[in-house]
Amino acid sequence: MESRCENCIIRQFNSLRAMSKEELKQVSNSKTTKILKKGEPLFEEGDKLNGVYCVRNGVSKLSKLSANGKDQIVKLASKGEVIGQRSVIAQENTNLSAIAVSDMEVCFIPKETITHTLQKNPNFTLEVLRHMAHDLKEADDVIVNISQKTVKQRIAEAILYLKNNFGEDKDGFLALTLSREDISNVVGTATESAIRIISEFKKKGLIHTSGKKIGIKDEKKLQDMVEGF
């Protein structure tokens with residue numbers, strides 16, 4: 001059964017919380033639900049978006065293709081996040097690709113519904129601006145990290161980020177499993193370097209692995225490494 005936006009707890013995490021009950025009903029009547037399998041694209045860089053996507057379940061990587069053909073992952077969007085707001089509001093083609101890194105369920109909200117509410121509801125406009133400002137801050141942090149931290153520090157930070165944001169499974173591995181290539185694309189390094197450093201972390205007893213899965217054994221040492229100790 002398809003969930004109604006006015007009853008959906010997910011909206012508490014994003015700008016939709018500033019909509020009135022009537023506006024949420026309009027969103028509910030216009031939205032469609034989409035199921036994505038891991039590896040499927042939500043949209044590609046350069047696409048024209050006719051609406052925004054609200055993540056109900058799963059995780060998507062938002063990445064940009066560099067001139068040398070390597071992906072730079074700028075964000076992992078998870079449950080409760082709205083993807084595509086900037087492109088829709090700026091009326092520009094998207095500058096990022098969004099690909100599912102786990103099975104996903106998303107709600108697609110047509111841009112007419114969003115722009116109509118932006119014009120009528122100043123509280124919603126303010127919430128959208130707040131979320132876009134937060135995304136800009138995150139993008140600034142990515143730039144600073146790549147320029148000022150070593151690859152080892154960035155990989156340690158990425159592992160801790162995955163634990164803090166997505167948790168661990170019952171076996172003590174990170175609940176969200178990223179490929180070594182994805183990890184290298186998050187931190188901005190070659191895949192071979194990421195593989196070598198993860199192997200080094202394992203030898204030093206900081207982490208344990210099983211196939212692609214990574215688990216943390218010494219969180220304090222990883223944190224100290226991130227902070228340069």
Indicate every side-chain donor-acceptor pair of residues 106-115 with a distance under 3.5 Å to a residue at least two apart or in another chain.
residue: Thr113; atom: OG1; partner: Ser30; partner atom: OG; Å: 3.1
residue: Thr115; atom: OG1; partner: Lys111; partner atom: O; Å: 2.9
residue: Thr115; atom: OG1; partner: Glu112; partner atom: O; Å: 3.2

Evaluate the side-chain proximity of [Y] to [X]: yes if any heavy-atom separation is below 4.5 Å, no if none is.
{"X": "Ser63", "Y": "Asn185", "result": "no"}
{"X": "Phe201", "Y": "Leu222", "result": "yes"}
{"X": "Glu23", "Y": "Asn121", "result": "yes"}

Working to the nearest 0.5 Å, report the span between [atom1] of [X] and [atom2] of [Y].
{"X": "Leu178", "Y": "Leu162", "atom1": "CG", "atom2": "CG", "value": "5.0 Å"}
{"X": "Asn123", "Y": "Thr117", "atom1": "CG", "atom2": "OG1", "value": "12.5 Å"}
{"X": "Ile183", "Y": "Lys212", "atom1": "CD1", "atom2": "NZ", "value": "10.0 Å"}
{"X": "Leu174", "Y": "Ile216", "atom1": "CG", "atom2": "CD1", "value": "5.5 Å"}
{"X": "Ile207", "Y": "Phe173", "atom1": "CD1", "atom2": "CZ", "value": "10.0 Å"}
{"X": "Leu49", "Y": "Ile89", "atom1": "CG", "atom2": "CD1", "value": "11.5 Å"}

- [ ] List in chain and number order the residues that pass ring-ring contact (aromatic ring centres under 6.0 Å, His included) with Phe166, two or more places apart in sequence or in another chain; answer none if no residue qualifies.
- [x] none
Do you know which two heavy atoms are closest between [X] and [Y], and how far apart they sit?
{"X": "Asp218", "Y": "Lys221", "answer": "OD1-N, 3.1 Å"}
{"X": "Leu36", "Y": "Pro41", "answer": "CD2-O, 3.7 Å"}
{"X": "Asp103", "Y": "Lys38", "answer": "OD1-N, 3.0 Å"}
{"X": "Ser15", "Y": "Gln85", "answer": "OG-OE1, 2.9 Å"}
{"X": "Leu96", "Y": "Thr94", "answer": "O-OG1, 3.0 Å"}
{"X": "Asn93", "Y": "Gly46", "answer": "ND2-O, 3.1 Å"}

TODO: Hey, could you give me each pair passing salt bridge (charged side-chain N to carboxylate O under 4.0 Å, His left out) that has a residue in residues 123-136? Not counting sequence neighbours.
DONE: Arg17-Glu127, Lys75-Asp135, Glu127-Arg130
Open item on the list: I need the full list of salt bridge (charged side-chain N to carboxylate O under 4.0 Å, His left out) pairs touching residues 176-185, with sequence neighbours left out, sorted by first then second residue.
Closed with: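 Qualifying pairs, neighbours excluded: Lys61-Asp182.
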Open item on the list: Check whether Ser78 reaches the backbone of Val59 with its side chain - one donor and one acceptor, N or O, closer than 3.5 Å.
Closed with: no
Open item on the list: Is it the case that the side chain of Arg56 and the backbone of Glu105 share a donor-acceptor pair, with hydrogens and angles ignored and the cut-off at 3.5 Å?
Closed with: no
Treating Ile, Leu, Val, Met, Phe, Trp and Tyr as nodes and any side-chain heavy-atom pair under 4.5 angstrom as an edge, say whether [X] and [Y] lie in one connected cluster.
{"X": "Phe43", "Y": "Leu65", "result": "no"}
{"X": "Leu176", "Y": "Met104", "result": "no"}
{"X": "Leu42", "Y": "Val82", "result": "yes"}
{"X": "Ile214", "Y": "Val101", "result": "yes"}
{"X": "Val52", "Y": "Leu118", "result": "yes"}

Open item on the list: Quick test of your reading: applying side chain to side chain donor-acceptor pair (under 3.5 Å), list the pairs with at least one residue in residues 160-171, sequence neighbours left out, ordered by first then second residue.
Closed with: Lys163-Glu219
For [X], check side-chain contact (heavy atoms from CB on, under 4.5 Å) against everything at least two apart and list the hits.
{"X": "Glu22", "value": "Ser20, Lys25"}
{"X": "Lys217", "value": "His208"}
{"X": "Glu227", "value": "Gln223, Phe229"}
{"X": "Ala90", "value": "Arg86, Glu92"}

- [ ] Please lay out, stage by stage, how Arg154 and Val186 fare under the test side chain to side chain contact (heavy atoms under 4.5 Å, CB included).
- [x] CA-CA 9 Å; Arg154 301 201 303 265; Val186 166; over 6 Å; no
TODO: Under the salt bridge (Lys or Arg N to Asp or Glu O under 4.0 Å) rule, collect the residues that match up with Lys203, sequence neighbours excluded.
DONE: none
Task: Any residue meeting side-chain hydrogen bond (donor to acceptor under 3.5 Å, both in side chains) with Lys64, in chain and number order, not counting sequence neighbours - done: Glu45
Can you list, pair by pair, the side-chain donor-acceptor contacts under 3.5 Å of residues 188-200, counting residues two or more places apart and other chains?
residue: Thr191; atom: OG1; partner: Ser184; partner atom: OG; Å: 3.3
residue: Glu200; atom: OE2; partner: Lys152; partner atom: NZ; Å: 2.8
residue: Glu200; atom: OE2; partner: Lys204; partner atom: NZ; Å: 3.3

